[in-house]
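First up is the structure itself, then whatever we jot down about it.
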2 protein chains.
Amino acid sequence: MKMSGGVEWSVHCLSLLASLPPDRTLSAKRLAEFHGIPAAYLTKHLQALVRDNILESIPGPRGGFRLSRATEQITLLDVVDAIDGKRPAFRCSEIRQRGPSALGSKCYRRPCGIAAAFANADAAWRGSLMNCTLSDLIAEIPEKVDPRQQKKSAAWLKKVLG
Amino acid sequence: MKMSGGVEWSVHCLSLLASLPPDRTLSAKRLAEFHGIPAAYLTKHLQALVRDNILESIPGPRGGFRLSRATEQITLLDVVDAIDGKRPAFRCSEIRQRGPSALGSKCYRRPCGIAAAFANADAAWRGSLMNCTLSDLIAEIPEKVDPRQQKKSAAWLKKVLG
DNA sequence: TATATCCTGGATATTTAATATCCTGGATAT
DNA sequence: ATATCCAGGATATTAAATATCCAGGATATA
Ligand code: FES
Ligand code: FES
């Protein structure tokens, strides 16, 4: 069970975009350059974020991506849903409806207890992700990220926005 | 992000094995027959459950599998760990250590805040799974499973246990 | 003791999903 | 007019999940 690596890329990109001056953007190429990742593939993930209204895209020279909502209105769950899809990890194949002691499909209106237990776990997971906003993540940068890196990032931003 | 389908198979097999008389077993072939799934592949999953001490295996004629512990001592998390592995869905690739504004690897002793948030969600998920035992699942069978299916299953068991 | 049954583990094939690149077309600032 | 950038489709590559097969060892039974 592995989540798309694009989720890590996306959240880091969103965090960087959040530090931009209002109405400024970063192109996919710049975002990929900053994170040392392939631009062509990152583009696919950014498009998914645009589709889910997490990012806005501006075409043309001086174009690029910017946040589509306030950082308080973007949760980790939003990103996971956009990149990794909304389907739960546990997929009930209705195994109970197979084999020699199964009944007709009309007799299985209520969900299987096992599937229900996994749905509960999935809800707990989603609840935790829903409770964490981009704003929360950014708030802990000053205490968690090495000041030297913060400085280098700011300098890089200044350079490319120049 | 998809969990192995073997998890669903496994929990249903464990549930069936829990209804066996003490010291009786079911072979992989019988378990596969009951659930209408491929025996050769199910065998792989059963072996994983034996490795994690959830099942015991008895070789030879009249052999097969039986629960290795009381139903109260087997949680959904145990099964997921055995079948799907213990690695979390979100795998931090340390993207923060790449790109033009990264520092040396010694400067990243504390985990990334983003990875920490996903670790929290994973813990919530595992906590939910840990709280659900095989005993819990079996207890809700009388109210959740169609009585006709319960009867057919019992009859099938009686037949194969001869 | 011969035999049939059953688990174990390795080798291998098949199918599906994730990862990655490329290219055309359209938008837009300069 | 041109250079830059996003959108989206086509396609290739790689990794993972799914599935089968077989040789070897254990054991109950006749
Ligand atoms: S039938 Fe799918 S989990 Fe029980
Ligand atoms: S570096 Fe992996 S989540 Fe931040």
Side-chain angles (χ1 to χ4, degrees), chain A residues 1-10 13 17 23-33 35-66 68 80 82-85 87-91 93 95 160-161, chain B residues 1-10 13 17 23-33 35-66 68 80 82-85 87 89-91 93 95 160-162:
Chain A
M1 192 176 50
K2 184 191 179 304
M3 181 182 303
S4 166
V7 173
E8 183 186 12
W9 296 4
S10 294
C13 284
L17 289 171
D23 289 325
R24 295 305 305 267
T25 66
L26 282 178
S27 69
K29 193 203 282 189
R30 290 299 191 193
L31 286 167
E33 176 194 348
H35 292 108
I37 56 181
Y41 190 28
L42 174 62
T43 290
K44 293 295 182 201
H45 295 312
L46 296 173
Q47 283 176 19
L49 295 171
V50 169
R51 271 193 292 274
D52 274 26
N53 198 35
I54 294 167
L55 289 182
E56 279 178 355
S57 61
I58 314 291
R62 317 271 301 169
F65 297 89
R66 65 184 175 206
S68 180
V80 169
I83 302 296
D84 214 49
R87 302 176 66 192
F90 180 90
R91 319 272 173 82
S93 71
I95 191 180
V160 306
L161 291 178
Chain B
M1 190 177 50
K2 182 189 178 307
M3 183 182 302
S4 165
V7 172
E8 184 186 13
W9 296 4
S10 294
C13 284
L17 288 172
D23 290 324
R24 295 304 306 266
T25 66
L26 281 178
S27 69
K29 195 202 282 187
R30 291 296 191 197
L31 286 168
E33 176 194 348
H35 293 107
I37 56 182
Y41 190 29
L42 174 62
T43 290
K44 293 296 182 199
H45 295 313
L46 296 174
Q47 284 176 20
L49 295 171
V50 170
R51 271 194 292 276
D52 274 27
N53 198 36
I54 293 166
L55 289 182
E56 279 178 353
S57 63
I58 314 290
R62 319 269 303 165
F65 297 89
R66 67 184 173 208
S68 180
V80 170
I83 302 296
D84 212 51
R87 302 176 67 193
F90 180 90
R91 320 271 172 84
S93 71
I95 190 182
V160 305
L161 291 178

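Keep in mind that the numbers below use all heavy atoms, side chains included, and drop hydrogens, waters and symmetry copies. Chain identifiers are assigned alphabetically (A, B, ...) following the order of the sequence lines, protein sequences preceding nucleic acid strands; residue numbering begins at 1 within each chain.
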Any chance you could list the contact pattern along nucleotides 20-27 of chain D? Use B for base contacts, S for sugar-phosphate-only contacts and - for none, protein heavy atoms under 4.0 Å, 5' to 3'. B-----BB
Can you name the nearest heavy-atom pair linking [X] to [Y], along with the distance?
| X | Y | value |
| --- | --- | --- |
| A:Asp84 | A:Ser4 | OD1-N, 2.8 Å |
| A:Gly63 | A:Thr25 | O-OG1, 3.1 Å |
| A:Pro38 | A:Ala32 | C-CB, 4.2 Å |
| A:Leu42 | A:Ala28 | CD2-O, 4.0 Å |
| A:Glu8 | B:Arg91 | OE1-O, 3.7 Å |

[N] - base-pair partner by Watson-Crick or wobble geometry, distances under 3.5 Å:
| N | value |
| --- | --- |
| D:dG24 | C:dC7 |
| C:dT1 | D:dA30 |
| C:dT14 | D:dA17 |
| C:dT28 | D:dA3 |

side-chain hydrogen bond (donor to acceptor under 3.5 Å, both in side chains) filter on A:Gln47, not counting sequence neighbours, yields none
Using a heavy-atom cut-off of under 4.0 Å over every strand shown, decide if [X] touches base, sugar-phosphate, or nothing.
| X | result |
| --- | --- |
| B:Arg51 | sugar-phosphate |
| B:Gly5 | sugar-phosphate |
| A:Met1 | sugar-phosphate |
| B:Gly6 | nothing |

Side-chain donor-acceptor pair present, B:Ser68, B:Asn53, cut-off under 3.5 Å: yes
Mind checking which nucleotides bracket the chain A contacts on DNA chain C, 5' to 3', with an atom under 4.0 Å from a heavy atom? C:dT19 to C:dA29
What is the separation between atom CD1 on B:Ile37 and atom P on D:dA17, rounded to the nearest whole Å? 18 Å
Specify the separation, in whole Å, of atom CZ of A:Arg91 and atom C1' of D:dA16. 14 Å
About how many Å separate NZ of A:Lys29 and CG of A:Leu31, when rounded to the nearest 0.5 Å? 12.5 Å
Going through the distances and angles, do B:Trp9 and B:His45 end up as a side chain to side chain contact (heavy atoms under 4.5 Å, CB included)? CA-CA 8 Å; B:Trp9 296 4; B:His45 295 313; 3.9 Å; yes
Between B:His45 and A:Ser57, whichever has its closest DNA chain D nucleotide further toward 5' is A:Ser57
